[in-house]
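Single-structure report; data block below.
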Number of protein chains: 2
Amino acid sequence: ATETRRMEEEKPHYGLIGQIKALPGKRDDLIAILTEGSGEMPGNVAYIVGADVADADSIWITELWMTKEAHAASLKLPKVQEAIKYGRPLMAGFGVRVEFVPG
Amino acid sequence: ATETRRMEEEKPHYGLIGQIKALPGKRDDLIAILTEGSGEMPGNVAYIVGADVADADSIWITELWMTKEAHAASLKLPKVQEAIKYGRPLMAGFGVRVEFVPG
């Protein structure tokens, strides 16, 4: 049982998919800020940022976290706070937002 | 220049986010089929399958591929064909579908 439990523990248990709408012409800058701010976050397994092919203002982010708590804690990290501070003014709004349990 | 070119080549250039609606009660079976069928696909960098927390029938898949062509080719792989064959009857439909360029 310890084997399965240990394997279970190493698997991410929390995931997020979010759509951010950048202000027109600001998407590349916003992607750079988001990517920059997302390095080395404790408990983060994946942080995939993508530019929507069909919608020039849309950014999609898929995140994988060991736990929901690890994600919540990351929002207090200085680098993430900074990314929010500099990114917020380039954002027009949010779209799809999904929490998921990784399969 | 070769250094940047080589780094560029190793980065995935194509991404997909898709939402699949399972028939009621069939989501877990469908997730198992999708996860099973998605091992060892040439050119695939990430294949993240998640169960939507707020919608009991919704599955979200984030995929990262070295190229769009690698993704297209994967649809002909026997294991993927099999996943489609066994998965299709458990699907009620599709929702969000986005192509993106990884940042």
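Worth knowing before you read on, the calculation uses all heavy atoms, side chains too, and leaves out hydrogens, waters and symmetry mates. Proteins come first, then strands; the chains are lettered A, B, ... in the order of their sequence lines, and each starts at number 1.
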Open item on the list: Below 4.5 Å, heavy-atom pairs only: which of Asp55(B), Val98(B), Leu34(B) has the largest tally toward chain A?
Closed with: Val98(B)
TODO: Verify the cluster assignment for Ile84(A) and Leu77(A): are they in a single hydrophobic cluster under the rule of side-chain heavy atoms below 4.5 Å apart?
DONE: yes
Task: Ile61(A) reachable from Val80(A) in the ILVMFWY side-chain graph, under 4.5 Å edges - done: yes
- [ ] With a 4.5 Å cut-off on heavy-atom pairs, point out which of Val53(B), Thr35(B), Val49(B), Asp28(B) contacts chain A the most.
- [x] Val53(B)
Open item on the list: How about NZ on Lys79(B), more than 12 heavy atoms from neighbouring residues, nucleotides or ligands closer than 6.0 Å, or not?
Closed with: yes
Open item on the list: Is Ile59(A) in contact with chain B via its backbone, its side chain, both, or neither, using a 4.5 Å heavy-atom distance?
Closed with: neither
Task: Heavy-atom pairs under 4.5 Å with chain B, option from Leu64(A), Asp52(A), Ile31(A) with the top count - done: Asp52(A)
TODO: Tell me, out of Ala32(B), Gly15(B), Gly103(B), Ala51(B), who's got the most heavy-atom pairs with chain A below 4.5 Å.
DONE: Ala51(B)
Task: Phe100(B) side chain near Ile48(A) side chain, heavy-atom distance below 4.5 Å - done: yes
Task: Note, Trp60(A) side chain near Val96(B) side chain (heavy atom, < 4.5 Å) - done: yes
Open item on the list: Let me check something: do Ile17(B) and Val45(A) share a hydrophobic cluster, defined by ILVMFWY side-chain heavy atoms less than 4.5 Å apart, either directly or through other members?
Closed with: yes
Task: Gln81(A), CD atom: more than 12 neighbouring heavy atoms under 6.0 Å - done: yes
Task: ILVMFWY cluster, Tyr86(B) and Leu23(B) together (side-chain gap under 4.5 Å) - done: no
Task: Rounded distance [0.5 Å steps], CG in Leu16(A) versus OG1 in Thr62(B) - done: 11.0 Å
